[in-house]
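As C-alpha cells, the structure follows; a few thoughts come after it.
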Amino acid sequence: MSSRAPSCGHGRILYFGVVFGRPFEQELPYVGDGTETNADMWATADETREEIVALYRRAIAHADTTIAALALDEVGRVPWWGDAAVTLHRVLVHVIAETQRHAGHADIVRELIDGAAGLLPRNDNLPPPTSHGGWTTASEWSRLPSMPANAATRFLSIIEAR
C-alpha cells in the first residue's frame, strides 16, 4: 500500500520534534539504525488506514505544540542538513512548501485517474488555452492596470516567442 501520510507525518515529527529538541511520544519503527532508507515513504501491508491517520494526527498535534511553545526566531539544528542552524520560521516555510508540493502531486494523480479538474464537472475553472500556448491573450495582459506598459510588452514578447 502506498501512502504519503507516513512521510508527511514523519517530516512533521522530525522538523518540529528532533530539530528543536522536542521528542515525539512514540518510537517509530522506520527510524533508527538498521532501517531501510526512505522506509517512511510507504505504509506496510499490516498498517491500517486508521493507524496511519491517527499517527498523522498525533504528528500534527506535536507540531502544533512546538509551534505554540516557541518564538519564530527560535533556533534549532537539522542533522540531515549537515547540522544546519535554522529558525522555527524557516522550518515552517519549508514544511509548508513540502506539504504543498506533495498535495500537488496527489492532485495530479487524482486528475490522471478521472481527467477532472476544478470543482464542477462542466466547469474546470481554467481559461481556454490561447494560440500562443498561454492561458491568456496578449490583450488581456495589456489591460492589467498594475503592470507598467513597457514591462507588459517585454513580458508578452518573451511569452509569444515560446
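Note that the structure is predicted; figures quoted are calculated from it, not measured.
- Residues V19 and W81 form no side-chain contact, since every pair of their non-hydrogen atoms from C-beta on lies 4.5 Å or further apart.
- Atom CG of residue L14 and atom NE2 of residue H62 lie 9.5 Å apart, to the nearest 0.5 angstrom.
- Applying the salt bridge (Lys or Arg N to Asp or Glu O under 4.0 Å) rule to pairs touching residues 64-85 yields nothing, sequence neighbours excluded.
- Distance check: I60 CD1 to F16 CZ gives 10.5 Å after rounding to the nearest 0.5 Å.
- Between the side chains of R12 and T99, a donor-acceptor pair is found at a separation under 3.5 Å.
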(request) Step by step, work out the side chain to side chain contact (heavy atoms under 4.5 Å, CB included) result for L88 and Y15. (result) CA-CA 9 Å; L88 176 59; Y15 283 109; over 6 Å; no
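- The two residues L92 and L72 make their nearest non-hydrogen contact at CD1-CD2, 3.6 Å.
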(request) For side chain to side chain contact (heavy atoms under 4.5 Å, CB included), just list the numbers for V18 and I13, CA-CA rounded to whole Å, side-chain angles, deciding distance to a tenth of an Å, and then say yes or no. (result) CA-CA 7 Å; V18 172; I13 292 165; 5.6 Å; no
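- Annotation: R22, atom CZ; neighbour count of heavy atoms from other residues, nucleotides and ligands within 6.0 Å is above 12.
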